[in-house]
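Quick notes on the structure that follows.
Naming convention: chains lettered A, B, ... in sequence-line order (proteins, then strands); numbering from 1 in each chain. These values consider heavy atoms only, across backbone and side chains, with no hydrogens, waters or symmetry-generated copies. This one's a predicted model, so the numbers in the text were calculated from it and none came from an experiment.
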Amino acid sequence: MKDLVPALQDAIRNAVRGLLADAPGDAALDPDSLDVPVQRVPLDKPGDYGSPVAFVLAKRLRRNPAELARAIAERLALPEGVDRVEVVGPYLNVFVDPGAFVRAVLRAPLQLPPNGRKVVIEHTSVNPNKEAHVGHLRNIVLGDALARIERAAGYEVEVQNYIDDTGRQAGETLFALDYYGASYPGTPKYDHWLGELYVRLGQAKEDDAEAIEAGVRTVMHRLERGELRSEVERIVRAQLETCFALGAEYDLLVWESDVVAAGFLQRGLEVLERLPSVTRPESGKYAGALVMDVSEFLPGLEESQVVLVRSDGNAMYVAKDIGYHLWKVGRLEGLRYAPFTQQPSGAMLWSSAPDGEASVPGRTFAHGDQAVNVIDARQSHPQTIVRTALQMTGGGKDEDSLHHLAYEVVTLEGQAMSGRKGVTLAIDTVIEEAVRRARAVVLEKQPDLESADEVARAVGVGALRFAMLKSEAKRVIDFRWEQALSLAGDSAPYVQYAHARACSILRAAAEAGIEAPAGADTPDADWRLLGPLEVAVARELARLPTVIAQAAQTDSPHVVAQYALDLATAWNAYYNHRDASGRPDTSVLRAEPGRREARAALVAGVRDALAQALVLLGIEAPERM
RNA sequence: GCGCCCGUAGCUCAGUCGGAUAGAGCGUUCGCCUCCGGAGCGAAAGGCCACAGGUUCGAAUCCUGUCGGGCGCACCA
């Protein structure tokens, strides 16, 4: 048995085929293209999986659905793992054979096979001018989780972090250093210290606007020529410390100044200028500018002309972005690369670099079949324009080669954050508080735990990440301490605890000589001794591959987070289950030989699936906590 | 004004390519350590799934409209 649900769908399709052959009712009805819904049955309904397929047929055949359900059931060749089928009104309900089902589920892999396609994910992309705040937190965590999920779904994944080193923000901060003649005193953390200067400069503009503006412009010109690269690098390194503390890592930093130097802007414009929709009006509103008409792809816009190059000759940001994306999908070449730093996992982080190598042995950057950008929902319009430009110029290998994972803002106790005004909450501050709270709980619950510091970090950071991931990206999050750092209920520690509990049981089992090797390969297990309680847990376990596929396909990490909660809940319910007389009836260690090995295998499956779900969310899974 | 997103329990949210009696967490109330980890489990209470029409055997889910709320609509980035 590979996977029960598809097998069941095939079996039903076959039964329908037989039914139609015997009693043709609708010649146009093709069983092969018949969509056979199969779902888990609601609680308190008989069976494990059910199908309302009879409804679909009833309409086409003009026959009674209950009657059809009976007819299908009669012809159904039960796939492996299915014990029997019962007809409940118009529904077809399937009872699995517990032993065969659990065993098959435990043998299934925890991720999908490679699909030979590559996705380039861009996330983080924090302006290199001050410390990252809680709004960026959502971006980093979403992007990092998505990268892990896409990888598990079989994609080759490359994570890029775009460094806007020629922008106004970086310019202002670096100018502030000169303006105040400041030298770094060693504390606070470098990016935080710069953030203070940046905010101070913003206030000083009220009195000294002209001089500051002139100074900032000079610095920006130097940035464009790459003269201040090492100053910016210093900021980037400080910001990366925060990302690493969250568990996020990258493959490549892409510097805007390198993108421009590589000619992607110019070459991208050349590609665009060949399009009939890209013109240079000689008169009217856009005289002298290079504009693109997107009305064919984006109907209904009030203003269908998008300015690519201003009449003063300066390129708009979207034009740079289009060039950058043409490179991402392999339509342009020419960046050079150098190693930037070794990350906590040991993996090398590369960077684009003016004096780097044209190629890196064993690696090919960019050339994505598709690209996903993790960017604020407020950027939806410009993102749509980049995607449209990509489509108009032939795009990447995938039909829909640019996705925008748009996430909503994070407000602070109901207030909008503002980096410029200094109304922010730094990620570093939040991590510190999260770990502090977690440590207090760890010391209370497990005073003897040797790895208390490590566990406190895993739990605190995990809780924070989970809070950012558990609901849909398009939902506004109001950051509140108690909620974001909760260690109970729908939280990372709930899942981590369930995992640690499974580990604990398996440790005890191993001491008692009960082994639970991978793949449910236990000769001592007697699978026939399993029942509905084990099936309930296995039914959750069986969903994991589907969950990964769905999360990857819809760029939705929250699907994995919700799954982790569901699995932990099912496992906790199993663990605590009692029989009619109130006695625990799911013990592994106290079960008779044969049953205990099979149960141990199930617990090992739960442990592995919980660990995998947490890995996909970028959350550590301690064995004790 | 036009466009996109949201509206589900007191609060925060799942469920939305149509399927059986709409589910969690927090909060409230009541139970559960002779038993592998109580950061847990069980139970109670709490819902015109914003509103009104429509499609359908069947709608929280699809369509239209209305009302609330958020965001976007620069020769800024």
Side-chain angles (χ1 to χ4, degrees), chain A residues 35 37 39 41-45 50-53 55-56 58-59 64-65 88-91 93 127 164 167-169 285-291 298 300-303 305-314 316-318 320-321 376-382 384 406 408-409 411 438 441-442 444-446 459 467 470-472 474-478 480 482-483 486-491 493-494 496-498 500-509 512 554 558-559 561-562 565-566 568-569 572-578 582-591 596 599-600 603 624-625:
Chain A
D35 183 38
Q39 62 211 48
V41 298
L43 294 168
D44 301 336
K45 287 285 180 219
S51 175
V53 68
F55 280 118
V56 183
K59 187 170 188 177
N64 181 297
V88 183
Y91 286 93
N93 283 11
N127 271 318
D164 182 6
R168 168 141 208 123
Q169 327 265 353
K285 189 175 167 187
Y286 295 111
L290 185 71
V291 298
L298 299 172
L301 279 184
E302 196 174 338
E303 178 52 77
Q305 299 288 346
V306 174
V307 175
L308 298 172
V309 180
R310 290 186 257 165
S311 48
D312 66 6
N314 286 315
M316 298 286 287
Y317 184 78
V318 268
K320 282 183 204 168
D321 221 16
D376 196 321
R378 286 173 295 196
Q379 304 267 7
S380 291
H381 186 58
T384 304
E408 273 297 339
V409 291
T411 56
V441 175
V442 171
E444 176 203 329
K445 309 263 182 190
Q446 296 281 327
V459 169
K470 73 175 170 184
S471 44
E472 295 175 284
K474 64 186 174 189
R475 213 165 268 284
V476 175
I477 291 183
D478 187 28
R480 290 187 220 147
E482 330 80 66
Q483 226 167 284
S486 167
L487 305 181
D490 284 352
S491 68
Y494 177 83
Q496 290 170 316
Y497 185 77
R501 170 184 273 160
C503 290
S504 170
I505 290 171
L506 291 165
R507 272 195 306 272
T554 59
H558 83 277
V559 169
Q562 293 294 334
L565 292 173
D566 288 344
T569 299
N572 278 334
Y574 175 78
Y575 169 82
N576 284 290
H577 195 271
R578 282 148 193 269
R583 290 207 181 76
D585 57 356
T586 53
S587 174
V588 173
L589 299 182
R590 295 176 58 192
R596 64 184 189 201
R599 282 183 174 170
V603 174
R624 300 170 203 261
M625 61 185 279

Look at the side-chain N and O atoms of [X] and state whether any lies under 4.0 Å from the OP1 or OP2 oxygen of [N].
X	N	value
A/S471	B/C13	no
A/R501	B/G38	yes
A/N576	B/G40	no
A/Y575	B/G38	yes
A/R310	B/C76	yes

Choose from [options] the nucleotide whose nearest atom is closest to any side-chain atom of [X].
X	options	value
A/P584	B/A20, B/C35, B/C41	B/C35
A/R624	B/G37, B/G40, B/A14	B/G37
A/Y91	B/A77, B/A39, B/G19	B/G19
A/V56	B/G37, B/C35, B/G19	B/G19
A/E472	B/G72, B/U16, B/U21	B/U16
A/K474	B/C6, B/G25, B/C36	B/C6
A/K59	B/G37, B/C57, B/A14	B/C57
A/D490	B/G25, B/G72, B/A14	B/G25

Checklist entry - Taking O4'-C1'-N9-C4 for purines and O4'-C1'-N1-C2 for pyrimidines, is B/C49 syn (within 90° of 0) or anti? => result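 Anti conformation here, the glycosidic angle of B/C49 being more than 90° from 0.
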For atom [atom1], what is the distance between [N] and [M], given to the nearest Å?
N	M	atom1	answer
B/A50	B/C36	C1'	49 Å
B/A60	B/U21	C1'	15 Å
B/C13	B/G38	C1'	25 Å
B/G7	B/A14	C1'	15 Å
B/G69	B/U29	P	35 Å
B/G27	B/A59	C1'	32 Å

With sugar-phosphate meaning primed atoms plus P, OP1 and OP2, does [X] contact a base, only sugar-phosphate, or nothing at under 4.0 Å between heavy atoms?
X	result
A/K470	nothing
A/G50	base
A/H558	sugar-phosphate
A/V588	base
A/V41	base
A/R578	base
A/A509	nothing

Item to check | Validation row: A/T586, A/R578 side chains within 4.5 angstrom (heavy atoms) | outcome: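 Side chain of A/T586 against side chain of A/R578, heavy atoms only: no contact under 4.5 Å found.
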Next on the checklist: Quick check against the 3.5 Å criterion: does A/S486 have a side-chain atom that pairs as donor or acceptor with the backbone of A/Q483?
Outcome noted: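 Not at all, since once roles are kept as given, no pair shorter than 3.5 Å links the two residues.
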Checklist entry - Short question: side chain of A/R599, backbone of A/S587 - any donor-acceptor pair under 3.5 Å? => result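 Yes, because the side chain of A/R599 sits within donor-acceptor range (under 3.5 Å) of the backbone of A/S587.
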Using a distance-only test with no angle check, is there a side-chain donor-acceptor pair under 3.5 angstrom linking [X] and [Y]?
X	Y	result
A/Y286	A/S311	no
A/R168	A/N127	no
A/Y497	A/N572	no

Look at the side chain of [X] against the base of [N] and say whether a donor-acceptor pair falls under 3.5 Å; ignore hydrogens and angles.
X	N	answer
A/E444	B/A39	no
A/S311	B/C75	yes
A/N572	B/A39	no

Checklist entry - Is B/G10 paired to anything, Watson-Crick or G-U wobble with both distances less than 3.5 Å, and if yes, which nucleotide? => result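 B/G10 is paired, partner B/C26.
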Checklist entry - Under a 3.5 Å cut-off for both distances, is B/G46 Watson-Crick or wobble paired, and to whom? => result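 With both distances under 3.5 Å required, B/G46 matches none.
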Next on the checklist: Would you say the base of B/G19 stacks on A/F55 (centre-to-centre below 5.5 Å, plane angle below 30°)?
Outcome noted: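 Stacking is present between B/G19 and A/F55, given that their ring centres fall under 5.5 Å apart and the planes under 30°.
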